[in-house]
Amino acid sequence: MTAVAPRSLLNHVTCPDDLRALSLRDLEDLAAEIRRFLVASVSRTGGHLGPNLGVVELTIALHRVFESPVDTLLWDTGHQAYVHKLLTGRRAGFGGLRQSGGLSGYPCQAESVHDVIENSHASTALSYADGLAKARALAKESYRSVVAVVGDGALTGGMSWEALNNIGGSGQPVIVVLNDNGRSYDPTVGGIADHLTRLRTATSASPLFTALGFAYLGPVDGHDVAQLEPALRQARNLPGPVVVHCVTTKGMGFPAAEAHEADRMHAVSPSDARYAPTWTSAFGDELAAIGLERDDVVAVTAAMLRPVGLEAFWRAHPDRTFDVGIAEQHAVASAAGLALGGLHPVVAVYAAFLNRAFDQILMDVALHRLGVTFVLDRAGITGDDGPSHNGMWDLSLLQLVPGIRIAAPRDGASLRTALREAVNVSDAPTVLRFPKAPLEPDIPSFGRAGLADLLRIGRRADVLVVSVGATAPACLELAAGLGAAGRDVTVVDPRWVIPVDDVLVELAGEHAAVVTVEDNGAQSGIGGAVGQAMRRAGVATPLYEFAIPQRFQPVAKRAALLSALGLDGPGLTESVLRSLGHDELR
Ligand SMILES: Cc1ncc(C[n+]2csc(CCOP(=O)(O)OP(=O)(O)O)c2C)c(N)n1
Ligand SMILES: CC(=O)[C@@H](O)[C@H](O)COP(=O)(O)O
Ligand SMILES: [Mg+2]
């Protein structure tokens, strides 16, 4: 008896229209097949497994009721759009998910007319929906629906409520599909989460959304297409804004994900990923130690306790650890309050997500000269999460803040030292930033110059390489490459890169050429700051700045992208030799 492979419905779904011909039984089989596909494929490539397992039936129902792209489907954060991609003809691309030249892990306009929001920063979809609805009203296109799928986590972000306020007030027929699985990474926090729990368990009706001018439909079983479709059709036919409250399970249908206490397999690593010690763990362990010595040190996270390394601190000091939800602006202003209350907050956040809290750092922390420490993980090129996740902005943005002090550690030892120095600053914001990368062995210093470490001391004052943070290994490779071409190189690691250490300017004045290397955007980075300091001091030594080109970077692995940008040892060597006029280039 030969085994009969289960029929593949997914092979026959190349566009949403194909869904409408399927029976409910077919749809159940399709959902099961999609889950099998996601577990197999995402386990290999890495990606957001839990969130996508949780929206299989919801996405099927959405594409059966609404007619994308005439109707617009918006995905908040966009990490849960894999099923949407499968149902819009992109199954073949999943082998290259989150890889150079492959499928983005988020919606991507270049991939499909069905994709709209490419930004993977949370809590923005409802604002797009507000704008799109207003544009349709002006174009008198009332036949086109605007649908925003928003997670309960994304609903803890302030922008979501700014948008709800506007949509509710305008009366525009926006359809808010609330994907409520009770989780961000951790269980979603705050009064909104508590309110949704009450709604889910129907222990109380709720005026929260109706008070803002929305109709409320739900709670609906987000895994039952037979329940979802009538509710979505009812929402589609309403004249005003409506919230369809869908109750789902993150990781649904995959027991290992459903039982995954930490985060329901929110984001899984590729099967071949090396689990080396990371910058994140070095930070987390040191902060936990500091927490035992200093009871004024507290930790703040924006719904990413484990990803930013705060688990050890939280387990040791749960009452001194604050998860504010996906609310970075609030996190920073709340930290200002914590500091005014006599504490020293450490706000741990991914570098790119801090962008939205710039004003709070400037006007709530720095203006009041408050000792708040920001620890920026995923600084520099992150790679596989695409253009909105690269932390290539912080060194440019944050150096605008009067009084701020920014450290870029080169290894675990310097991270631990800088963290201790930072929490001892009580009258200004301090910042540490490091990459999404395995932690390399500590890099020795052969002397100090001001606050800076000398990683290589030239015999004569020829080329000075200013190595910023985790670029140190590449800078030492650069030094060796220049040495092979007859140049004599000194490599200096400023450690604290803002304000620019006077000793850098002095060293620059003694050398024939200065090279700066940083894993940050080229515009107004550390290279720019060093150049400005040199000009102010009347130092005219030629300066060559190497950084990430100031444009959105494509999806790729971090190391491959740094190499493609010429920011690895060989690339830097070739560029610097060319800049210095060496014609013996390889
Ligand atoms: C501004 C911002 N902060 C943090 C993140 C990291 N992040 C990505 S998804 C996520 C949790 C989202 O939870 P929810 O909206 O409930 O979606 P679910 O994963 O549960 O489907 C977080 C915190 C982000 N993408 N953007
Ligand atoms: C969707 C989102 O913003 C995060 O889940 C992001 O994918 C973080 O990825 P890493 O923690 O793997 O850097
Ligand atoms: Mg959620």
Side-chain angles (χ1 to χ4, degrees), residues 42 46-56 58-59 75-83 97-98 104-107 117 119-126 148-160 177-190 192-193 196 200 222 246-252 257 262-270 273 278-280 301-309 323-332 348-357 377-386 388-391 435-437 555 557-558:
V42 179
H48 292 95
L49 184 56
N52 284 283
L53 289 170
V55 295
V56 174
L58 177 56
T59 308
W75 302 90
D76 196 288
T77 319
H79 62 303
Q80 77 291 59
Y82 296 1
V83 182
L97 182 68
R98 293 159 53 95
S104 167
Y106 303 91
I117 304 172
N119 177 12
S120 61
H121 292 196
S123 314
T124 65
L126 292 174
V149 180
V150 184
D152 54 301
L155 206 56
T156 60
M159 271 181 68
S160 289
V177 177
L178 173 53
N179 173 33
D180 179 10
N181 53 27
R183 310 279 303 213
S184 295
Y185 283 78
D186 295 295
T188 303
V189 299
I192 294 166
L196 293 178
R200 279 199 302 272
C246 303
V247 179
T248 63
T249 299
K250 197 163 187 172
M252 181 67 171
D263 62 20
R264 298 289 186 272
M265 292 192 178
H266 175 86
V268 296
S269 299
T278 63
W279 292 83
T280 311
T301 176
M304 296 181 77
L305 182 111
R306 290 179 178 84
V308 296
D323 179 352
V324 299
I326 311 179
E328 286 81 2
Q329 291 175 307
H330 168 70
V332 176
V349 62
Y350 284 6
F353 301 152
L354 190 68
N355 291 353
R356 58 175 51 178
D377 200 334
R378 273 57 176 175
I381 293 288
T382 54
D384 34 25
D385 272 292
S388 50
H389 266 72
N390 290 313
K436 174 182 186 178
V555 173
K557 296 301 177 196
R558 170 179 162 83

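Quick note: residue numbers are just sequence positions, from 1. Whatever order the structure lists them in is the order used to number ligands and atoms, beginning at 1.
Distance from atom 10 (P) of ligand 2 to its nearest protein heavy atom, with residue and atom name: Arg378 NH2, 3.5 Å.
Between Glu328 and ligand 1, at least one N/O pair is under 3.5 Å apart. Inclusion of Lys250 in the set of residues having an N or O under 3.5 Å from an N or O of ligand 1 is warranted. Every N/O-N/O distance between Pro51 and ligand 1 stays at or above 3.5 Å. Backbone and side-chain nitrogen or oxygen atoms of Ala122 are examined, and one is located within less than 3.5 angstrom of a nitrogen or oxygen of ligand 1. For ligand 1, the polar-atom distance check finds no N/O of Thr188 at less than 3.5 Å from any of the ligand's N/O atoms. Between Arg183 and ligand 1, a contact under 3.5 Å exists for at least one N or O pair. Taking only nitrogen or oxygen atoms, main chain and side chain alike, Gly153 reaches within less than 3.5 Å of ligand 1. Any N or O atom pair closer than 3.5 Å counts here, and Tyr185 shares no such pair with ligand 1.
Vertex the Mg ion (ligand 3); arms to Asp152 OD1 and Arg183 O; angle rounded to 10 degrees, 110°.
Remark: among candidates Asn181, Asn119, Asp263, the nearest residue to atom 20 (O) of ligand 1 is Asn181, based on non-hydrogen atoms.
Distance alone, capped at 3.5 Å, places no donor-acceptor pair between the Ser104 side chain and the Pro107 backbone. In terms of modelled atom types and a separation under 3.5 Å, the side chain of Lys250 and the main chain of Ala257 share no donor-acceptor contact.
Here His121 has no heavy atoms under 4.0 Å from ligand 2, in either its backbone or its side chain.
Taking every non-hydrogen atom of Asp152 and a distance limit under 4.0 Å, the qualifying atoms of ligand 1 come out as 16 (O).
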